[in-house]
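Below: the structure, in structure tokens.
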Amino acid sequence: MRNDKVAEMLEELGDLKEILGENPFKVRAYRRAAEAIRRLTTPIEEMVEQNKLSEIDGVGESLAAKITEFIRTGKVRELEELRGKVPPSLRAFLDIPDMGPRTAWLVYERLGITTIEELERAAREGRLRHLPGMGPKKEENIIRGIQLLKTTAQRVRLDIAWKIADYIIGELVLLPQAKLILPAGSLRRMKETIGDVDILVATNDSEPVMDKFVSLDGVRDVLAKGTTKSSVLFEHGLQVDVRAVHPESFGAAAQYFTGSKDHNISLRERGIKLGLKINEYGVFREPTDEKIAGETEEGVYEALGLLWIPPEMRENRGEIEAAERRAIPSLIELDDIRGDLHIHSNWSDGSETIEALAKAAVEIGYEYIAITDHSPPLGWGVKPEDLRRQITQIRKLNEHLNDILILTGVEVDILHDGTLALDDELLSEFDVVIASIHSQMKMSAQKMTERILRAMENPYVNIIGHPTGRLIGQREPYEVDMEAIVKRAASEGIALEINASPERLDLKDEHARMCKDYGAPIAIGTDAHAIVHLEFMKYGVGTARRGWLEPSDVINTKPVKAVREFLIQRRPSRRSRKG
DNA sequence: GCCGTTTTCGGCCCGACTGTTTTCAGTCG
């Protein structure tokens with residue numbers, strides 16, 4: 001992804017300038033632009049060619065010139081110069097907790113230290129304490145920070161973070177002092193990966209809450225313990241913070257600690273224009289300091305003339321403007337989902353029988369599910385003759401089931417040339433056909449796009465499964481022109497999947513939003529290979545909400561009849577089909 | 001470096017905490 005390279009270049013420029021002591025607002029400008037480019041869904045080269053860089057949020061004349069230089073020549077002269085002044089290895093110091101740009105520069109300038117190993121040695125030998133502003137305590141903190149850096153997970157998957165948060169909340173809620181408990185931060189925003197878990201507790205007596213928190217099973221190390229905030233290092237190397245606030249400030253604190261940072265900054269800037277100060281205790285009118293909101297989140301937003309904004313939308317991507325226009329969408333909720341259209345049974349690589357899956361789905365309250373086992377050439381794919389047997393079996397099963405309908409289906413492989421691994425005659429037998437790529441992912445964007453578009457020509461394809469092939473933290477998405485895919489999906493009436501498996505979440509949030517913009521239908525499927533995986537639906541819905549999707553944008557919110565209509569709309573009618 | 005219902009200059013979110021300080025700089029979320 002070229003966009004990532006440009007973003008990284010801007011981040012490096014920002015970091016190096018910060019280490020050199022450049023104006024912090026300037027540094028922020030580089031980081032904001034980098035962030036905007038990282039989340040951009042169109043290739044940056046296009047923006048350069050069409051002279052549209054200034055349309056990107058936070059990109060002005062100067063940054064546009066640097067981006068253009070980088071795209072044209074692969075280099076940026078200013079960056080090369082900066083690297084001469086600041087060894088790029090110093091950037092790693094910024095990842096050490098309690099170590100920032102000023103300290104990084106100090107140890108380099110005075111002691112010539114350029115690597116973490118040298119830094120640790122100098123701290124252990126007591127050579128840092130003589131530097132201005134430093135002392136023995138700082139040396140200790142730097143040594144500890146380096147240890148933390150080695151043992152702390154970078155970011156963990158959403159489901160792992162939720163599991164830990166649910167456990168901690170389940171313990172704290174038993175305390176009579178805890179009036180309200182809310183998971184905040186990126187967890188509440190359902191971001192695909194979580195850096196640390198923030199839990200907010202409303203209480204008038206925080207000590208017992210903090211005591212219990214830091215002594216929970218699974219706490220590896222206590223990083224800080226106070227009456228308003230405590231931090232621990234939890235299993236999986238995940239940092240968990242608990243913050244205690246008084247109930248009358250709970251709304252303001254919930255807003256503040258949910259973020260995102262960019263959303264909060266925009267909100268405060270808006271506050272300033274209205275003569276208001278916003279902090280974690282409330283909204284205050286300046287200069288009298290009169291408190292006008294804070295007990296509820298709704299009140300905080302209302303004080304700013306805004307509708308309440310769902311946490312998943314709080315990324316400063318236009319939600320504040322939408323709230324001002326009173327145009328916040330009615331986002332999809334887990335309860336809107338009527339069925340799961342992507343499930344594997346033990347006929348392929350799943351672990352459960354079809355009956356067991358159906359029973360579990362009834363308990364969730366679904367009206368229908370689709371069994372979509374793999375096709376060959378995957379080793380665990382079900383052979384055509386067995387797929388026919390499976391269809392027969394499911395039809396028989398349906399005769400005895402009153403509470404749920406099992407749709408017959410398949411997840412058919414898209415081969416390297418865009419043809420499908422099963423013939424049309426067999427495909428026409430299924431209620432649901434998901435077409436997915438599982439091999440040969442290293443192609444040019446153009447070839448990959450042609451491959452998927454060709455698969456979409458097949459009249460039996462209903463859904464493109466995990467459309468970008470990424471595995472979070474393990475495998476990059478393949479190169480593909482998603483805009484072209486989304487446009488075709490919209491015109492053809494093919495759904496693109498939000499694969500709800502927390503290791504995929506594919507499509508991701510921005511692409512989901514692109515689908516909404518172009519009117520391409522979405523299917524949220526869990527890709528369950530076991531009964532417990534059916535619960536992944538909440539992560540898929542979370543991703544959909546981050547993409548601003550409403551129930552009508554998602555096909556598996558529809559009742560059975562409407563889903564069936566959707567599934568057969570592209571198929572040639574039986575009468576006109578020859579043979 | 002960006003940006004504009006404070007519009008081409010002068011702002012840019014806000015508070016807590018820590019360690020080093022005698023009034024504050026650095027870091028964090």
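Residue numbers start from 1 in every chain, and the chains themselves are labelled A, B, ... in the order their sequence lines are given, proteins ahead of strands.
Among the nucleotides B/dT20, B/dT27, B/dG29, the one closest to the side chain of A/K137 is B/dT20. With distances taken from any side-chain atom of A/D196 to the nucleotides B/dG29, B/dG15, B/dG1, the minimum falls on B/dG29. Of the candidate nucleotides B/dG1, B/dG29, B/dT27, B/dG1 has the atom lying nearest to any side-chain atom of A/K66.
The nearest whole Å value for the distance from the CG atom in A/L94 to the P atom in B/dG26 is 14 Å. What separates OH of A/Y281 from C1' of B/dC13 is a distance of 15 Å, to the nearest Å. Between the P atom of B/dG29 and the CD1 atom of A/I194 lies a distance of 14 Å, rounded to the nearest Å. Summarising the geometry, the separation between CD1 on A/I142 and C1' on B/dT27 is reported as 12 Å, rounded to the nearest angstrom. Here the C1' atom of nucleotide B/dC13 and the CD atom of A/E280 are 11 Å apart, to the nearest Å. In this structure, NZ of A/K225 is placed 18 Å from C1' of B/dT18, rounded to the nearest angstrom. One atom, CD1 of A/I143, and another, P of B/dG19, lie 14 Å apart when rounded to the nearest Å. Taking atom CG on A/L276 and atom P on B/dT6, their separation rounds to 13 Å, with Å as the unit.
Rounded to whole Å, the C1' atom of B/dT20 lies 10 Å from the corresponding atom of B/dG26. Atom P of B/dT8 sits at a distance of 16 Å from the matching atom of B/dC3, rounded to the whole Å. On the P atoms, B/dT6 is 14 Å away from B/dC12, given to the nearest whole Å. Between B/dC28 and B/dC13, the two C1' atoms lie 14 Å apart (nearest whole Å). Separating the C1' atom of B/dG19 from that of B/dT23 is a span of 14 Å, rounded to the nearest Å. For the P atom pair drawn from B/dT21 and B/dT27, the interatomic distance equals 15 Å after rounding to whole Å.
Of the residues in residues 18-32 of chain A, A/N23, A/F25, A/K26, A/R28, A/A29, A/Y30 come within less than 4.0 Å of DNA chain B through at least one heavy atom, sorted by number. Contacts between residues 261-270 of chain A and DNA chain B, defined by a heavy-atom separation below 4.0 Å, involve A/K261, A/I265, A/R268, A/E269, listed by number.
The phosphate of B/dC13 has neither OP1 nor OP2 within less than 4.0 Å of any side-chain N or O from A/N279. Residue A/T228 places none of its side-chain N or O atoms closer than 4.0 Å to OP1 or OP2 of B/dA16. Close to B/dG26, at under 4.0 Å from its OP1 or OP2, lies no side-chain N or O of A/T103. Here A/K138 does not reach the OP1 or OP2 of B/dT27: none of its side-chain N or O atoms lies under 4.0 Å away.
When Watson-Crick and G-U wobble pairs are counted only if both distances are under 3.5 Å, B/dC3 pairs with B/dG10.
In this structure, the side-chain contact (heavy atoms from CB on, under 4.5 Å) partners of A/Y539, at least two apart in sequence or on a different chain, are A/L158, A/D159, A/W162, A/M190, A/P502, A/L505, A/F536.
Ion pairing of A/R470 with A/E192 is present here, as a side-chain N (NZ or NE/NH1/NH2) and a carboxylate O approach within less than 4.0 Å. For A/E11 and A/R38, the salt-bridge test passes: some basic side-chain N is under 4.0 Å from an acidic carboxylate O. A/E297 has a carboxylate O that lies under 4.0 Å from a charged side-chain N of A/R188, or vice versa, which qualifies the two as a salt bridge.
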Decide salt bridge (Lys or Arg N to Asp or Glu O under 4.0 Å) for A/E117 and A/R121; before the verdict, give the C-alpha distance in whole Å, the side-chain angles of both, and the deciding distance to 0.1 Å.
CA-CA 6 Å; A/E117 291 69 32; A/R121 203 179 318 127; over 6 Å; no
Given A/K85 and A/E81, is the salt bridge (Lys or Arg N to Asp or Glu O under 4.0 Å) satisfied, shown in steps?
CA-CA 7 Å; A/K85 287 188 204 160; A/E81 284 169 19; over 6 Å; no
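Under 3.5 Å, the side chains of A/D509 and A/T543 contain no donor-acceptor pair of N or O atoms.
Heavy atoms from other residues, nucleotides or ligands lying under 6.0 Å from CG of A/D289 number more than 12. At most 12 non-hydrogen atoms from other residues, nucleotides or ligands lie less than 6.0 angstrom from CD of A/E302.
Of the candidates A/E125, A/R144, A/R129, A/R129 is the only one forming a side chain to side chain contact (heavy atoms under 4.5 Å, CB included) with A/E139. A salt bridge (charged side-chain N to carboxylate O under 4.0 Å, His left out) with A/E18 is found for one member of A/R102, A/R31, A/R28 and no other, namely A/R31. A side chain to side chain contact (heavy atoms under 4.5 Å, CB included) with A/F93 is found for one member of A/I116, A/T103, A/D15, A/T114 and no other, namely A/I116.
A/P97 comes within 4.0 angstrom of the backbone, heavy atoms only, and of no base. The residue A/Y256 sits close to a base: some heavy atom pair falls under 4.0 Å. Within 4.0 Å of A/R243, counting heavy atoms only, lie sugar-phosphate atoms of the nucleic acid but no base atom. Across all strands shown, A/I96 has heavy atoms under 4.0 Å from sugar-phosphate atoms exclusively, and none from any base.
Positionally, the nearest nucleotide of DNA chain B for A/E61 lies more toward the 5' end than for the other of A/K229 and A/E61. When each of A/S54 and A/I278 is assigned the nucleotide of DNA chain B with its nearest heavy atom, A/S54 is the one assigned upstream, toward the 5' end.
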